[in-house]
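Structure record follows, encoded as structure tokens.
Since this is a predicted model, take the numbers as computed values, not measurements.
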Protein chains: 2
Amino acid sequence: MSASQSYIHCQNCNFSHLCLPLALNTDEMDKLDTIVKRNNPLHKNDYLIESNTPLTSLYAVRTGSFKSYIEDDDGEYQITAFHFPGDIIGFDGLREKRHVSQTQALETAMVCEIPFHMLEDVAEKLPNLRNQLMKFMSAEIQQDRELVMLLNKRNAESRLLYFLISLSKRFEERGFSATSFLLPMTRTDIGNFLGLTVETVSRLLTRFQKNGLIKVEGKALEILKKGDMEQMLTDYHINIDSI
Amino acid sequence: MSASQSYIHCQNCNFSHLCLPLALNTDEMDKLDTIVKRNNPLHKNDYLIESNTPLTSLYAVRTGSFKSYIEDDDGEYQITAFHFPGDIIGFDGLREKRHVSQTQALETAMVCEIPFHMLEDVAEKLPNLRNQLMKFMSAEIQQDRELVMLLNKRNAESRLLYFLISLSKRFEERGFSATSFLLPMTRTDIGNFLGLTVETVSRLLTRFQKNGLIKVEGKALEILKKGDMEQMLTDYHINIDSI
DNA sequence: TTGCTGGTTTGACTTGGATCAACCCTTGCG
DNA sequence: CGCAAGGGTTGATCCAAGTCAAACCAGCAA
């Protein structure tokens, strides 16, 4: 471990309130801390996880962002999640102890690696940690199902609105600006995730801009009328609290 | 507990190979067995779980079938899963210790109720059970993500094919016929789940019948050319092993 | 500097599945 | 029995979003 990384601990991590340590006390956090490996940074497009490889660790995002996707044998793929600091990656592989999706860095990023067999050992002694793991998985199930409803029942406009508001919320939770941020993913990625084509995403973004809701310039997004956008979601009967 | 139910134990349940006992030895299974409550049967349309109620138990389906769905404030709803014997219901509520979806019986059905606080106690002592719980949740995440891909990337025909083949597989796993069974859900339910209208589902079923793939008469479904149907899925690049 | 590549935008056109509408079953109940 | 209600089928029409095509732009490598 390099000197520049040695002072990072769960204790002083900015995102521990969103991450596994959430429900742990200081002692427990220290125990968790001892098994966490902090690796070298990954760069844009680097793979954190490749499909079909054995699951040996879970990963917590420390900085940067990732996308996870599943792929069929024709190369068609489906992005299933975007990950930001504090998010835990890898739960979908627990069943077969083998990764079923791939995870790729969207920009320079760092993770905390949590070797799975050691996590099990620590969890043996820490009911709070077990609980926390279950809650994370449960949250993922809940979110995936909201996503299914979004995809099955909502039109393109509401899907993209939902996406922008959820990004805004996630940045805010992490102490970043809720109204001005860089989109780490491409328009194609957004479309893929939401079940829309790039063209539709692009057209909608320009429309939102024309309507004064947002300002986009390449990756830079500014949310100008968050209230209006949330009202639009409410009009679509989408509960903004569950985002 | 009535006399007619007293002889039911995980040990002699037909579906234990799919259910929580899966990875447990005889002793462990007995421990699990002691906390399981076997209630009176539910009837068609009865609620097993109502939305927003506190999560006190998980449920294992013993006989019959269920649908789970989430609902928005306009009454629009999305069926997120159908449940058959051996399936565990309730994982999506663990996060907030409160159910976020409703579960309704599709026909007369019975469940094993597993009080959650007792499950936690037993799991404390049984690593295998903990593991099993995690695997179940992980499987649910994995399935939900496959579903997202299905909904986002596939057309109506392949969605319904997938649905029929997955039903067939689930019946087979449970020792029922893989090619001849009753659809416990309505066409509307199928459409809702797959993001299609009733009309589309109905038209497709008639088309499949005209093409000699299946025979449908009301709820009764016969799969005549399973091989052809699987080949069609393969042509759509849908991996039938992951169904 | 030039050319290449991947990402984005915009316009014209097409289409799969939704919508609307009518009608036919069952099933159950007063 | 009659009739209401829920479920299912079939046909005609429509439209939101997909497809196809072209052009633009920024970043990067040679």
| query | Just how far, in rounded Å, is P of D/dC25 from CD of A/Glu217? | reply | 13 Å

| request: Could you tell me the separation between the NZ atom of A/Lys219 and the C1' atom of C/dG7, rounded to a whole number of Å? | output: 7 Å

| message | Against A/Leu58, only a single residue in A/Ile89, A/Leu20, A/Leu94 fulfils side-chain contact (heavy atoms from CB on, under 4.5 Å); can you say which? | response | A/Leu94

| Using a cut-off of 4.0 Å on non-hydrogen atoms, how would the nucleic acid contact of A/Leu196 be classed: base, sugar-phosphate, or nothing? | sugar-phosphate

| said: Could you tell me how far apart A/Glu76 (CD) and D/dG18 (C1') are, to the nearest whole angstrom? | reply: 13 Å

| field | Distance in angstrom units between B/Leu205 CG and D/dG7 P, rounded | value | 16 Å

| request: Round to the nearest Å and state the distance from B/Ile190 atom CD1 to D/dG8 atom P. | output: 8 Å

| remark: Given Watson-Crick and G-U pairs under 3.5 Å, DNA chain C in dot-bracket ([ ] crossing, | other strand) is ||||||||||||||||||||||||||||||

| message | Under 4.0 Å from OP1 or OP2 of C/dA18: is there any side-chain N or O of B/Thr200 that close? | response | yes

| Just how far, in rounded Å, is P of C/dT27 from CD of B/Glu107? | 16 Å

| request: Compute whether any side-chain donor of one residue and acceptor of the other, for A/Ser68 and A/His83, lie under 3.5 angstrom apart. | output: yes

| Atom-to-atom span, CG of A/Leu204 to C1' of D/dA17 - whole angstrom | 10 Å

| field | B/Ser57-B/Glu113 side chain donor-acceptor pair, cut-off 3.5 Å | value | yes

| field | Donor-acceptor contact below 3.5 Å, side chain B/Asn45 vs main chain B/Leu106 | value | no

| query | Of B/Thr188 and A/Arg154, whose nearest nucleotide on DNA chain D comes first from the 5' end? | reply | B/Thr188

| said: Side chain of A/Glu199 only, heavy atoms from C-beta on: which candidate in C/dG11, C/dC20, D/dT9 is closest? | reply: C/dG11

| task | Verify the contact: side-chain N or O of A/Thr197 to OP1 or OP2 of D/dA17, cut-off strictly under 4.0 Å; return yes or no. | result | no

| request: Kindly indicate whether the side chain of B/Arg203 and the base of D/dG11 share any N or O donor-acceptor pair separated by less than 3.5 Å? | output: yes

| Counting only N and O atoms by type, is there a donor-acceptor contact under 3.5 Å from the side chain of A/Asp228 to the main-chain atoms of A/Lys225? | no

| note | Whole-Å distance, A/Lys153 NZ to D/dA17 C1', equals 18 Å

| task | For A/Thr186, answer base if it contacts any base atom (sugar-phosphate contacts may also be present), sugar-phosphate if it contacts only those atoms, and nothing otherwise; contact means non-hydrogen atoms under 4.0 Å. | result | sugar-phosphate

| message | Does A/Lys44, at its NZ atom, have more than 12 non-hydrogen atoms belonging to other residues, nucleotides or ligands within less than 6.0 Å? | response | no

| Less than 4.0 Å between a side-chain N and a carboxylate O, is that true for A/Asp72 and B/Arg154? | yes

| Base, sugar-phosphate, or nothing for A/Gly191, non-hydrogen atoms under 4.0 angstrom? | nothing

| task | Output yes when at least one side-chain N/O atom of A/Arg187 is less than 4.0 Å from OP1 or OP2 of C/dT8, else no. | result | yes

